[in-house]
Amino acid sequence: MAVVAPETNQELSGISAGDASLLHELTGLREASLEATGLDPRTFGLVKIAALIAVDAPPASYAWQVANALDGGATPEDILGVLRAVAPQVGGPRVVAAAPEVLLALGLSLPEGQE
């Protein structure tokens with residue numbers, strides 16, 4: 001097991017739990033990244049969701065990125081469009097795996113039998 005400084009453990013734990021102050025710091029990093037791309041906030045958020053689908057990201061990543069995309073002006077319909085758009089490139093299984101995470105990130109319930 002790796003030796004981890006208490007401060008590192010605390011920060012990682014806070015990020016994984018959605019600690020607002022740590023997420024605010026990360027948001028500052030996001031804003032710098034957004035400016036460097038030249039994309040508008042809506043497009044930037046949708047591209048980030050596409051990347052999550054492509055890398056088969058963990059569930060917690062979707063909550064953060066879907067919220068950012070919505071804050072940037074994307075709609076749930078736009079996010080569905082991203083799922084449809086990337087399906088031919090990433091494959092059906094990744095899109096199927098991402099769909100429940102998007103549902104939950106949007107505050108919706110999973111279909112019966114998928115809980």
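If you read the sequence from its start, that first residue is 1, and numbering goes on from there.
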Check residues 87-110 and write down every donor-acceptor pair under 3.5 Å in which the side-chain atom is one partner and the other belongs to a residue at least two apart or another chain.
| from | atom 1 | to | atom 2 | distance (Å) |
| --- | --- | --- | --- | --- |
| Arg94 | NH1 | Ala54 | O | 2.2 |

message = To the nearest 0.5 Å, what is the distance between CD on Gln65 and CG on Leu46?
response = 10.5 Å
Sequence neighbours excluded, every pair satisfying side-chain hydrogen bond (donor to acceptor under 3.5 Å, both in side chains) that has a member inside residues 50-63 = none
ask   = Do any pairs count as a salt bridge (Lys or Arg N to Asp or Glu O under 4.0 Å) and have a residue in residues 62-79, sequence neighbours left out, and if so which ones?
value = Arg42-Asp78
task = Just do the side chain to side chain contact (heavy atoms under 4.5 Å, CB included) check on Ile49 and Leu83 with the steps written out, would you?
result = CA-CA 9 Å; Ile49 293 169; Leu83 287 165; over 6 Å; no
remark   = Taken in chain and number order and not counting sequence neighbours, the residues that satisfy side-chain hydrogen bond (donor to acceptor under 3.5 Å, both in side chains) with Asp40 are Thr43
